[in-house]
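Have a look at the structure below, then the notes.
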Amino acid sequence: MNTTITATAKYIPEKILSNFDLEKIVDTTDDWIKSRTGITKRHIVQEGEATSDMCANIAKKLLKSSGKTPEEIDIIIIATSTPDHFVVSTAAIVQDKIGAINAWGYDLTAACTGFIFALETGARLIESGKYKNAIIIGADTMSSIIDYKDRNTCVIFGDGGGGVLIEQTDDDYGIIDSILKTDGSGNQFLTVPAGGSRKPASETTVKQRLHYVYQDGKTVFKYAVNRMSEVSKEIIEKNKLSSHDIKLFIPHQANQRIIDATARKCGLDLDQVFVNIDKYGNTTAGTIPIAIDEANKMNLLESGELLLLAAFGGGFTWGSMLIRWGKML
Ligand code: UT7
């Protein structure tokens, strides 16, 4: 038995924050952002809108396009670094919002690699035979943890998310293989220093702006290119394929230069690589499922063709996943 994707969806908040808007807030320029990252705009939530709102929207779209009722859903896994609350999980809120009364679920935190980790987890649960389907979502409200006084981070990140419905199949398509990695020694290069049990929120942590994302961009950049290309090449070789066998490569959308360098190192041509970073920036756990939904809606993948995913993020975490595209419901 395999696990296959049978529906895809995304949610992008309406409100746009363009490079020109950012020029008015921090010392930056549209030219710098475009040339160093490839980003022209990102979307951010309205006041009061949270991660579970985006996820519920995505889950409802998945139900609609698959024709499933909320009661038929077995599992909900949400990859996010920006849950609505520390307690309770975003998955619990989404379960309630969509009326999935027979589902259980949980949140999974692996920063930008979260969606791939969640998809792996969901797929293996389904292959156990105990569960028929799962909703797997990657979504982040990065604007809730970004310092709009820090030009090193605020130009890169945006809000948004996407998701897939996965189900059992006896056909030979689906999630074929994955290589997943964690190296916690990289934790200091990309983190939110305060607000957890190490440094609980206090007047001092707020004054020191420690509740925002800190990133050593240069270090993360180098690791991202090397680690994503390593695991992508490894999974291609392990499955006795060549880069030409890959129909579509969807890498985490963190920086156009990271995407280009990774693809080059893997011997992939530009027309094999899906890029939408210009429109959304880096939506953390959201980038890959958003791209999967867009690729699906653009009919870029036919049944039987190979999709390769790769991500890198805080932790450090990274991984690649090989999928033989199946039939949508
Ligand atoms: O998704 C999780 C993983 N995250 C990533 O993969 C992000 C990885 N890192 C990056 O994408 C890049 O490192 C950044 C986009 C964050 C930064 O680009 P960079 O080419 O590495 O720039 P830099 O940090 O080396 O800075 C170059 C210069 C510096 O000025 P000086 O010291 O040369 O005078 C910075 O102060 O650019 C300056 N700078 C900016 N200038 C205008 C940094 N940010 C900005 C900005 N606008 N927003």
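Index from 1, following the sequence. Order of listing sets the numbers, starting from 1, for every ligand and every atom in it.
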Write none if no such pair exists; otherwise list each N/O atom of ligand 1 with its protein N/O partner under 3.5 Å and the distance.
residue, atom, partner, partner atom, Å
ligand 1, 1 (O), His252, NE2, 2.8
ligand 1, 1 (O), Asn282, ND2, 2.6
ligand 1, 4 (N), Gln215, OE1, 2.9
ligand 1, 9 (N), Gly217, O, 3.0
ligand 1, 11 (O), Asn255, ND2, 2.7
ligand 1, 13 (O), Gly217, O, 3.1
ligand 1, 20 (O), Arg36, NE, 3.1
ligand 1, 20 (O), Arg36, NH2, 2.8
ligand 1, 20 (O), Arg257, NH2, 2.8
ligand 1, 25 (O), Lys218, NZ, 2.4
ligand 1, 36 (O), Arg151, NH2, 2.8
ligand 1, 37 (O), Trp32, NE1, 3.3
ligand 1, 41 (N), Trp32, NE1, 3.4
ligand 1, 41 (N), Arg151, NH1, 3.4
ligand 1, 47 (N), Thr28, OG1, 2.7
ligand 1, 48 (N), Thr28, OG1, 3.2
ligand 1, 48 (N), Arg151, O, 3.0

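- Contact annotation: the side chain of Ile136 approaches that of Ile166 to within less than 4.5 Å [non-hydrogen atoms, C-beta and beyond].
- Using a 4.0 Å cut-off between charged side-chain N and carboxylate O, Asp53 and Lys97 make a salt bridge.
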Please lay out, stage by stage, how Lys297 and Glu294 fare under the test salt bridge (charged side-chain N to carboxylate O under 4.0 Å, His left out).
-> CA-CA 5 Å; Lys297 302 282 159 63; Glu294 293 194 338; over 6 Å; no
Before giving the answer on ring-ring contact (aromatic ring centres under 6.0 Å, His included), spell out for Phe274 and Phe249 the whole-Å C-alpha distance, their side-chain angles and the decisive distance to 0.1 Å.
-> CA-CA 6 Å; Phe274 191 91; Phe249 177 53; over 10 Å; no
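- Atom CD of Glu302 has 12 or fewer neighbouring heavy atoms from other residues, nucleotides or ligands inside a 6.0 Å radius.
- Evaluation of the side chain to side chain donor-acceptor pair (under 3.5 Å) test over residues 131-142, restricted to residues two or more places apart or in two chains, returns Thr51-Thr141, Thr80-Asp140, Thr82-Asp140.
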